[in-house]
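Here's the structure, in C-alpha cells; my notes come after.
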Amino acid sequence: MAYEIARDTSTFKYGMSNPAQLEEWLKDHPNAIGLGFLGRSNVGKSSTINALFGNKIAKISKTPGRTREINIFTFRLKDDGKICEDLPEFYFYDLPGYGHAVVSKEMSKNWEVLIDLFFRGISLHTLMINIQDARHPNQKADQDFHQYLRAYNYETFLLFNKIDKLKKQKERAALNNLKPILSKEFKWVKQIYFTSAEKKDGIDQVEGAIISYLLRQLDLIQSM
Ligand SMILES: Nc1nc2c(ncn2[C@@H]2O[C@H](COP(=O)(O)OP(=O)(O)O)[C@@H](O)[C@H]2O)c(=O)[nH]1
Ligand SMILES: [Mg+2]
C-alpha cells in the first residue's frame, strides 16, 4: 500500500454543540468525504482515532460520557512519504457516545438533536465506524443504535476494540466464533475488525480499508 494517513496533518477544526452551527456546517459541506466514529462511551473511540490519526489528536477520557460535542477534524493522505496535494482534505468526526445513563435529561436531549442533524445532513460519502467493546459486544445500546443507523444507508464498519483485554485463548476463540453470527445480524455492515487501540493491533488493516473507502468516494464524485 503506497498511500497512508498523513498523521502530522490531522487537525482539530470545531467542537460543535450548537445545533444551528452544525446545520450550517453540514450545508456548506455537501460532498465532504470522511469518517464518523460511533460507539458507547468508553469503548475507545478517541483512542482508535489517536491510533489512526496521530497521538493525542482526540482526548482520551477516564470518565465515561465526557464528549458531548461533535468534534470535526481534517486530515490528508500521503503517498510514498509525500503529502498528496492533488487529493482533497478528508474529514473525520468524533461523535458523542451513545447509551450512557449518567447524563442529565437536558444533555441527552441535546445529544439527540445533534446526532439527528448529523445523520440527516452529513455527506453520503461518509463511512460510519462503529466501535464496540470486544468484551461486551452487541449490548442493548449497540442494537438500538444499529436500528437507528440502518435506516440511513451509510457504509458501515464494525470494530471490536480492547482485544488485548481478552487474555484467555478461550475468550478470543469465542469472539471469533461470533463473527459469522454478527455478520448475519449486521448484514449492512461491510467489514468487521478486531482491534486494540492501545496495542495498535489491527489498526493497519483498518487504515488500509479506510483509505480504499476514501479513494472509492473520490472516484464516485469524479464520475458524477
Ligand atoms: N486495554 C485497552 N484499553 C483501551 C483500549 N482502547 C481504549 N482503552 C481505554 O479505555 C478508556 C476509554 O477510552 P476512550 O478512547 O476515551 O473511549 P471513548 O469514550 O469511546 O472515546 C481509556 O482509559 C483508554 O485508555 C484498548 O484497545 N485496550
Ligand atoms: Mg471519546
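Counting starts at 1 for both ligands and their atoms, following the listed order. For clarity, every value in this text was computed on a predicted model and none was experimentally measured.
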Query raised in the report: Side chain, backbone, both or neither: which part of Asn42 comes within less than 4.0 Å of ligand 1 when only heavy atoms are counted?
Result: both
Query - Greater than 12 external heavy atoms within 6.0 Å of Gln21's CD - result: yes
Query raised in the report: Salt-bridged, Asp133 to Arg135, with N to O below 4.0 Å?
Result: yes
Report task. Kindly write out the residues that satisfy side chain to side chain contact (heavy atoms under 4.5 Å, CB included) with Glu85, not counting sequence neighbours, or none if the list is empty. Result -> Arg76, Ile83
Query raised in the report: Counting from 1, what ligand 1 atoms have a heavy atom of Ser47 closer than 4.0 Å?
Result: 6 (N), 7 (C), 13 (O), 14 (P), 15 (O), 24 (C)
Query raised in the report: Would you call Lys200 and Glu207 a salt bridge, taking side-chain N to carboxylate O under 4.0 Å as the test?
Result: no
Query raised in the report: What are the atoms of ligand 1, with element, lying closer than 4.0 Å to any heavy atom of Asn161?
Result: 5 (C), 6 (N), 27 (O)
Report task. With atom 25 (O) of ligand 1 as the reference point, say which of Glu198, Arg135, Lys45 has the nearest heavy atom. Result -> Glu198
Requested in this report: Answer yes or no: is there a side-chain heavy-atom contact under 4.5 Å between Phe119 and Tyr154?
Outcome: yes
**Report entry** Check: Ile163 N/O within less than 3.5 Å of ligand 1 N/O
**Finding:** no
Query raised in the report: Mind checking whether Lys162 has an N or O less than 3.5 Å away from an N or O of ligand 1?
Result: yes
Query raised in the report: Going by the atom numbers of ligand 1, which of them fall below 4.0 Å from some non-hydrogen atom of Ser196?
Result: 27 (O)
Requested in this report: Ignoring angles and geometry beyond distance, decide whether Lys165 reaches within less than 3.5 Å of ligand 1 through its nitrogen or oxygen atoms.
Outcome: no
Report task. Check whether any N, O or S atom of Ser46 sits under 2.8 Å from the Mg ion (ligand 2). Result -> yes
Report task. Would you mind telling me which of Ile129, Asp94, Asn130, Leu95 makes a side-chain contact (heavy atoms from CB on, under 4.5 Å) with Lys45? Result -> Asp94
Report summary line: Contacts of Leu215 meeting side chain to side chain contact (heavy atoms under 4.5 Å, CB included) (sequence neighbours excluded), chain-then-number -> Tyr3, Leu77, Leu87, Ile211, Leu218
